[in-house]
**Student:** 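Take this structure, written in structure tokens, and hold onto it; I'll ask about it next.
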Protein chains: 2
Amino acid sequence: MNGKIFIIEDEPSIIQLVQHNLEKNGFLVSSSLNGNDGLKELKKFQPDLLLLDWMLPDLSGIEICKNIRKDNNFKNLPVIMLTAKGEEEDKIKGLDSGVDDYLTKPFSFNELMARIKAVLRRSNPNTVSDNLKFDDLMLDRIEKRVFRDGQEIKLGPTEFRLLEFFLTNPKRVYSRDQILESVWPNNVNVESRTIDVHIRRLRQSVNLKNKKELIRTVRSSGYSLI
Amino acid sequence: MNGKIFIIEDEPSIIQLVQHNLEKNGFLVSSSLNGNDGLKELKKFQPDLLLLDWMLPDLSGIEICKNIRKDNNFKNLPVIMLTAKGEEEDKIKGLDSGVDDYLTKPFSFNELMARIKAVLRRSNPNTVSDNLKFDDLMLDRIEKRVFRDGQEIKLGPTEFRLLEFFLTNPKRVYSRDQILESVWPNNVNVESRTIDVHIRRLRQSVNLKNKKELIRTVRSSGYSLI
DNA sequence: TTTAAATGTTACAATTTTGTTACAAATTAA
DNA sequence: TTAATTTGTAACAAAATTGTAACATTTAAA
């Protein structure tokens, strides 16, 4: 799965067209026909990106966007605004209210797709499906497989998520807290030392014999790839 | 200062207009008139965002962008493409090559500004690699690494914090009390002489053989870089 | 020059941090 | 269900870091 996209748009034909095409491209899609419903559904659906119509029967897209930005859970939710208005003034208003990109109807699906990818690549590298590479290591997010120097490495689920996390920003040093935040589900509580054990397991799997160490320990700070 | 923006654009009038307005808005701006110069300057300037013209005398904007994405240092550099071509196909090509946003000439400065803000808002919290530099010394806060003259120097945690502290205001002389306040955790109590020992350790690490002394002792006052 | 204060240097024990292993509980597959 | 895998934590080992004392050297003032 590529990522979850929510659509708030009052024209069913557009929803149908976009939803159908997005699903063909591996996205999970849900939608609402008006602003108030949309805001409710949003919380349930927890999307990775929101497509938002400018003109809606109840709330305007701008109002919804401002609303969303106030909610801590959606502060960083990428939003692409869809609208029939092409006037420059409106674009500025939209971008200033926290919208990430802006698309004028009528638009081609290809352009929408390209913009979605661009926004997702920036905001949530995890949801854009491509392979992560670093040095002689390759992680395939789609097939959930990892290779080093062409040879496949078997990883447990946590080891995989851990490596995936490091690969989104190799070389960057992450504290144990940051690792916990990003690699473990939001509600679980695990000791910070647990990470050390998983690092050890990951190292054991990844450091095929006579290969150089890939994981760097930064004393009193955390870990990074190297 | 708001951030650093680099412009690669072959039309001087546009550079002048954009640069002037950006500077009025608190940005630090530099530019090149062609692709090859631009790629070189980029490394020196280390911008937070790149404005890139589609058509250039030597390389195309697309080529430059792909080039940049291959360079580990600029993998995450936000890019906004400027172009006279408004055709949809081109937009798709641009966004797919790793561009973050796209602006068709002629554009108003206000719209450009709004898009810059939108892109920076999204990209900056992620990975702004802020490096501290002084003389031939470079400290990377993200990767927690220090280089002198290109060669890596291994530092212990306290040595690192100490150097980081000095680098935020090189040349300024800090008293031992000030150093304690800023470099040690708020509650610990250590002898002021302890600092001397850490200074000694830092000196030993940083003064690679036959390199000139970097840390100056200011008798009865404290220490500083020099 | 002599003296006192400030800083440099070294060694080392105590502490902190990380590595490693084993194992029981939890989860998943068969 | 049973068997296999995965997971979190405790316990101990190993390693790195830290603070301080003790002594050496430099500096500035008398």
Side-chain angles (χ1 to χ4, degrees), chain A residues 144-146 152-166 173-207 209 211-226, chain B residues 144-146 152-166 173-207 209 211-226:
Chain A
K144 304 270 183 206
R145 275 138 62 98
V146 175
E152 178 157 14
I153 294 170
K154 288 286 179 188
L155 297 183
T158 306
E159 285 165 63
F160 186 90
R161 292 201 311 279
L162 197 53
L163 182 58
E164 184 181 19
F165 171 66
F166 277 118
V173 176
Y174 289 101
S175 71
R176 292 180 175 71
D177 280 347
Q178 290 175 310
I179 296 173
L180 268 186
E181 287 254 330
S182 306
V183 175
W184 268 259
N186 277 330
N187 36 25
V188 301
N189 260 26
V190 295
E191 302 283 326
S192 116
R193 285 307 311 280
T194 299
I195 292 166
D196 300 21
V197 178
H198 282 281
I199 289 282
R200 144 95 170 146
R201 287 167 181 158
L202 181 56
R203 276 183 168 142
Q204 221 162 13
S205 307
V206 155
N207 293 351
K209 57 193 177 257
K211 282 277 164 189
K212 73 167 200 287
E213 181 66 54
L214 254 180
I215 301 174
R216 174 169 74 122
T217 302
V218 182
R219 198 156 240 259
S220 83
S221 290
Y223 298 96
S224 81
L225 297 191
I226 188 69
Chain B
K144 305 257 188 220
R145 276 138 65 93
V146 174
E152 179 159 13
I153 294 171
K154 295 278 181 194
L155 298 183
T158 305
E159 285 164 64
F160 188 91
R161 291 201 311 278
L162 198 53
L163 181 59
E164 186 180 16
F165 171 66
F166 277 118
V173 177
Y174 290 102
S175 72
R176 292 181 174 68
D177 280 347
Q178 289 174 310
I179 296 174
L180 267 186
E181 285 260 325
S182 306
V183 175
W184 268 259
N186 278 330
N187 35 25
V188 300
N189 261 26
V190 294
E191 303 282 328
S192 119
R193 287 305 314 279
T194 299
I195 291 166
D196 300 19
V197 177
H198 282 282
I199 290 283
R200 145 89 172 151
R201 286 168 180 157
L202 182 55
R203 275 181 169 144
Q204 215 161 19
S205 306
V206 154
N207 294 351
K209 57 190 177 261
K211 282 276 162 190
K212 74 168 199 285
E213 180 65 52
L214 256 180
I215 300 173
R216 176 168 68 122
T217 304
V218 181
R219 192 157 239 262
S220 81
S221 292
Y223 300 96
S224 81
L225 298 191
I226 188 68

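Side chains are part of it too, since the values below use all heavy atoms of this structure and drop only hydrogens, waters and symmetry mates. Numbered from 1 within each chain, the chains take letters A, B, ... in sequence-line order.
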**Student:** Tell me, do H198(A) and V190(A) make a side-chain contact under 4.5 Å, heavy atoms counted?
**Tutor:**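 No, every pair of side-chain atoms sits at 4.5 Å or beyond.
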**Student:** Atom CD in E164(B), atom OG in S182(B): separation rounded to 0.5 Å?
**Tutor:**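 Reported value, rounded in 0.5 Å steps: 11.0 Å.
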**Student:** Between W184(A) and dT7(D), is there a side-chain N or O to OP1/OP2 distance below 4.0 Å?
**Tutor:**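 Result: no.
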**Student:** Can you name the nearest heavy-atom pair linking V183(A) to R161(A), along with the distance?
**Tutor:**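 Residues V183(A) and R161(A), closest heavy atoms: O-NE, 2.9 Å.
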**Student:** Please encode protein proximity along nucleotides 24-30 of chain C as a string of B, S and -, counting only heavy-atom distances under 4.0 Å.
**Tutor:** -------
**Student:** If the condition is ring pair (Phe, Tyr, Trp, His ring centres under 6.0 Å), which residues does Y223(A) pass it with, not counting sequence neighbours?
**Tutor:**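 If we apply the ring pair (Phe, Tyr, Trp, His ring centres under 6.0 Å) test to Y223(A), skipping adjacent residues, there are no hits.
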**Student:** If we only count heavy atoms from C-beta on, is the I215(A) to L225(A) side-chain gap below 4.5 Å?
**Tutor:**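 Sidechains of L225(A) and I215(A): in contact.
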**Student:** Under 4.0 Å, counting only non-hydrogen atoms across every strand here, what does S220(A) touch: a base, just sugar-phosphate, or nothing?
**Tutor:**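 Sugar-phosphate, backbone atoms only, no base.
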**Student:** Given dT18(C), dT26(D), dT18(D), identify the nucleotide with an atom nearest to the side chain of H198(B).
**Tutor:**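 My answer, after comparing the listed nucleotides, is dT18(D).
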**Student:** What are the two closest heavy atoms between I153(A) and S205(A), and how far apart are they?
**Tutor:**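 Minimum heavy-atom contact is CG2-O, 3.5 Å.
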**Student:** Just by distance, do the side chain of R216(A) and the backbone of S224(A) share a donor-acceptor pair under 3.5 Å?
**Tutor:**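 Side chain of R216(A) to backbone of S224(A): no pair is present.
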**Student:** Please say which of W184(B), Y174(B), F160(B) ends up in a ring-ring contact (aromatic ring centres under 6.0 Å, His included) with F165(B).
**Tutor:**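 Only one option passes, and that is Y174(B).
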**Student:** For E181(B), does the CD atom have more than 12 heavy-atom neighbours from other residues, nucleotides or ligands under 6.0 Å away?
**Tutor:**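 No - once you tally the heavy atoms of other residues, nucleotides and ligands closer than 6.0 Å, there are 12 at most.
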**Student:** Can you sort out which residues in residues 155-166 of chain B have a heavy atom within less than 4.0 Å of DNA chain D? Ascending by number, please.
**Tutor:**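 When residues 155-166 of chain B is checked for heavy atoms under 4.0 Å from DNA chain D, the hits, listed by number, are G156(B), P157(B), T158(B).
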**Student:** Any side-chain N or O of Y223(A) under 4.0 Å from OP1/OP2 of dT17(C)?
**Tutor:**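 Y223(A) to dT17(C) OP1/OP2: no side-chain N or O under 4.0 Å.
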**Student:** Over how many whole Å does the gap from I215(B) atom CD1 to dT9(C) atom P extend?
**Tutor:**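 Nearest whole value for this atom pair: 11 Å.
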**Student:** What is the distance, rounded to the nearest whole Å, between atom CD of E191(A) and atom C1' of dG8(D)?
**Tutor:**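 Rounding to the nearest Å, CD of E191(A) and C1' of dG8(D) are 9 Å apart.
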**Student:** Find out whether E159(A) and L162(A) are in side-chain contact, i.e. whether some heavy atom of one side chain is under 4.5 Å from a heavy atom of the other.
**Tutor:**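 The answer is no; the side chains never approach within 4.5 Å.
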**Student:** Give me, pair by pair, the N or O atoms of the protein and of nucleotides 20-22 of chain C that are less than 3.5 Å apart, along with how far apart they are.
**Tutor:**
unit_1  : atom_1 : unit_2  : atom_2 : d
dT21(C) : OP2    : R200(A) : NH2    : 2.0

**Student:** Would you please confirm or rule out a distance under 4.0 Å between OP1 or OP2 of dA5(C) and any side-chain N or O of R219(B)?
**Tutor:**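 No, no such contact exists.
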**Student:** Heavy atoms only, 4.0 Å cut-off, all strands: where does V188(B) land among base, sugar-phosphate and nothing?
**Tutor:**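 Contact class for V188(B): none.
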**Student:** Considering only residues two or more places apart or on different chains, which pairs with a residue in residues 197-207 of chain A satisfy salt bridge (Lys or Arg N to Asp or Glu O under 4.0 Å)?
**Tutor:**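 As it turns out, the salt bridge (Lys or Arg N to Asp or Glu O under 4.0 Å) pairs with a partner in residues 197-207 of chain A, which skip direct neighbours, are R203(A)-E213(A).
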**Student:** Find the distance I195(B):CD1 to dG8(C):C1' and express it as a whole number of Å.
**Tutor:**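 Going from CD1 in I195(B) over to C1' in dG8(C) covers 15 Å.
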**Student:** In whole angstrom, give the distance that lies between atom CD1 of I199(B) and atom C1' of dT7(C).
**Tutor:**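 Spelled out: CD1 on I199(B) to C1' on dT7(C) is 11 Å.
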**Student:** Can you pull out every salt bridge (Lys or Arg N to Asp or Glu O under 4.0 Å) where at least one residue sits in residues 185-195 of chain B? Sequence neighbours excluded, please.
**Tutor:**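 Output for this query lists R193(B)-D196(B).
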**Student:** Could you tell me the separation between the CD atom of E213(B) and the C1' atom of dT7(C), rounded to a whole number of Å?
**Tutor:**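 About 13 Å, once rounded to whole Å.
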**Student:** Could you state the atom-to-atom distance from NZ of K154(B) to P of dT17(D) in whole Å?
**Tutor:**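 One finds 10 Å between P of dT17(D) and NZ of K154(B), rounded.
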**Student:** Hey, does the side chain of T194(A) come within less than 4.0 Å of dT9(D)'s phosphate (OP1/OP2), counting only N and O?
**Tutor:**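 Yes, within the criterion.
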